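Since we're looking at a predicted model, the values are computed, not measured. We name chains A, B, ... by the order of the sequence lines, and we start the count at 1 in each one. Basis for what follows: all heavy atoms, side chains included, without hydrogens, waters or symmetry-related copies.
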2 protein chains.
Amino acid sequence: MIKEQIPDIIVGRLPRYLRTLLLLRETKTTTNSKELGELLGFSAAQIRKDLSQYGEFGKQGTGYNIDYLIDSLNRILNTDKNWDILLVGVGQLGQAILNYPGFLKHGFLVKAAVDNNPEIIGQKFNSCVVQDVRNMKEIITENQIQIAMVAVPAEKAQEIAEELVEAGIKAILSYAPATLTLPSQIRVEYSDPLISLQHITYYL
Amino acid sequence: MIKEQIPDIIVGRLPRYLRTLLLLRETKTTTNSKELGELLGFSAAQIRKDLSQYGEFGKQGTGYNIDYLIDSLNRILNTDKNWDILLVGVGQLGQAILNYPGFLKHGFLVKAAVDNNPEIIGQKFNSCVVQDVRNMKEIITENQIQIAMVAVPAEKAQEIAEELVEAGIKAILSYAPATLTLPSQIRVEYSDPLISLQHITYYL
DNA sequence: ACGTGTGAATTTCTTCACAGCC
DNA sequence: GGCTGTGAAGAAATTCACACGT
C-alpha cells in the first residue's frame, strides 16, 4: 500500500483537520490553510504540506472547498463508512461510552459489549445488551469486528488485549492506564487522562 | 526556568516511563534502558537520552534503581505532591470520572464539581457534592485550583474554557471533542477517543 | 562484561519562499 | 491579489557508537 510511507505524525493530524472543517462548514463553504492553522494552532505551511501528501485539494487564490475537503479526508481516514466496535468492560466508564451518542454520529457503532460481572451481563444500555466476556471470541467472529475499546481495570488490560488479538481484532482503543504489548501489526491507541495530567503538571 | 527548553515531546514520554517503572517495582529493584524500551516500544537510546536531560539517574554496568528513578520522575513531573482539580460537567462521563479511584491514587483529587443541570446540582458522587456552575469562579478562587477537567458537550467547551481561564485556571484537560482556542500560557490537553478512532481507521 | 551518558551522524519534521494558477 | 503546492533550507528528533565508570 502506498500510504504506508506517509508519516504517522501527519496521519494523526488529519482527524483534527476534519473536526475543524466540520465546525467551519456550519457557517461557510470555503476556507484556507491560514484560517485552519489559526483555529488549530498549526502553521499554514504545515497544513498545506500535510494535505498535499494525498492530492491537490485546494485552488490557488481561493483555498479549500470545505465540503470537498471533508469528503476527501473521510475517504483518506476510512471514515466514509461505518465501523462496528466491541466494548470490553461495562463499568461506569463503559456505560458512559455506551450511552454517548458521539461515536455513532461519526460512524462508530458499539455493536456489542461484554463484561465478566454477572450483575452487569444482560443489562441493556442504549439498546446494547451486555454479553458474557466468555463469548467474546464468537461475537468478534460472527460480527467481523475489527476494533475493540477496552475499558477494564489496568491489571486486566494486557490479558484482555491478547485475547482480542487472538480473536482477530485488528485495532484497540484502550482506556486502561496500562501500556499494552502486542504484535506490531495491531494498531493500539490510548485514551489516558492520567498520562495527560502528569504531562500538564510538569508545566505548573 | 531552565526546563522550558526541554522539548515537549520528551516531557510527554516521562509519564509513560513513570508508569512502566511503577509496574516493574512490584517485581524488581533495578532496570535498564533496554528493558524499559522493550516494554514501552521505544529505543533504549531514546530512553537514556530523555532521562539524561534531567540528570544522571543510572549507573554504568547496573542500570537504573527503580525506586530512585520513580522519585526523580515524580519530582520532575511535579507529581510528588497532590493536585486539586475542578470538574466541569457531571453527565455520565463526569460521574464516571468522579467515581474513578485512579486519579486520587496518583495524587489528583477532584476537589469540586460543577454542572448547570438543577437535577444534578446537589447530588453527591464519591463524597463530592455537585455545585452550581454559576459559582465556578468562587470555587476556583477559594480552593486555589489550577487544573480543570472539562466534560461538557462540545458546543459548550470553548465558552466554559474561557470562563475557566478568566477565573484563574492554569491548565485544562478537555474530554470534549472540540479544539480549544486559549491564551498560549494556558496548558491544554485533550482526551479524545474520536480522534483516536479516526486515526485507527486510517490503517484498517 | 555490562550499561550509562553523550557528542556526532543520521533521519525526520517543519518552515521558508516562491512559481504558478485562479 | 490571493492562496496553493512544493522543492530547498533549516530545525528538531532519533539513533549510532563508544568512552568511561562499576
Q. How do A/K59 and B/S33 order along DNA chain C: which one's closest nucleotide is nearer the 5' end?
A.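 The residue mapped nearer the 5' terminus is B/S33.
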Q) Is B/V110 close to B/F125 at the side-chain level, that is, under 4.5 Å between some pair of heavy atoms? A) no
Q: Please examine the side chains of A/L24 and A/L39, heavy atoms only from C-beta on, and report whether any two atoms are closer than 4.5 Å.
A: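 The answer is yes; the side chains approach within 4.5 Å.
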Q) On DNA chain D, nearest-nucleotide positions of B/A45 versus B/Q60: which is more 5'? A)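 The residue mapped nearer the 5' terminus is B/A45.
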Any side-chain N or O of [X] below 4.0 angstrom from OP1/OP2 of [N]?
X	N	result
A/R48	C/dC16	no
A/T62	D/dC3	no
A/Y64	C/dC22	no
A/Q46	C/dT14	yes

Q: Look at all strands and tell whether B/I9 reaches a base, only sugar-phosphate, or nothing, counting heavy atoms closer than 4.0 Å.
A: sugar-phosphate
(Q) Any base atoms under 4.0 Å from B/K49, or only sugar-phosphate, or nothing? Heavy atoms, all strands. (A)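 Contact class for B/K49: base.
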Q: Kindly give the heavy-atom pair with the smallest separation between A/I145 and A/D84, and that separation in Å.
A: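 Of all heavy-atom pairs spanning A/I145 and A/D84, the closest is CG2-O, 3.6 Å.
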Measure [atom1]/[X] against [atom2]/[N] and give the value in whole Å, please.
X	N	atom1	atom2	result
A/L51	C/dT14	CG	P	14 Å
B/F57	C/dG5	CZ	P	8 Å
A/N65	D/dT4	CG	P	13 Å
B/D8	D/dA11	CG	P	20 Å
B/I10	C/dT12	CD1	P	18 Å
B/D50	D/dA13	CG	C1'	10 Å
B/I47	D/dT15	CD1	P	10 Å
A/N32	D/dG1	CG	P	18 Å

Q.
Applying side-chain contact (heavy atoms from CB on, under 4.5 Å) to B/F57 and B/L73, what does each step give before you reach the verdict?
A. CA-CA 10 Å; B/F57 304 110; B/L73 283 173; over 6 Å; no
Q.
Please enumerate all residues that pass side-chain contact (heavy atoms from CB on, under 4.5 Å) together with A/Y100, with sequence neighbours excluded.
A.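 Residues passing side-chain contact (heavy atoms from CB on, under 4.5 Å) with A/Y100: A/F103, B/P177, B/L194.
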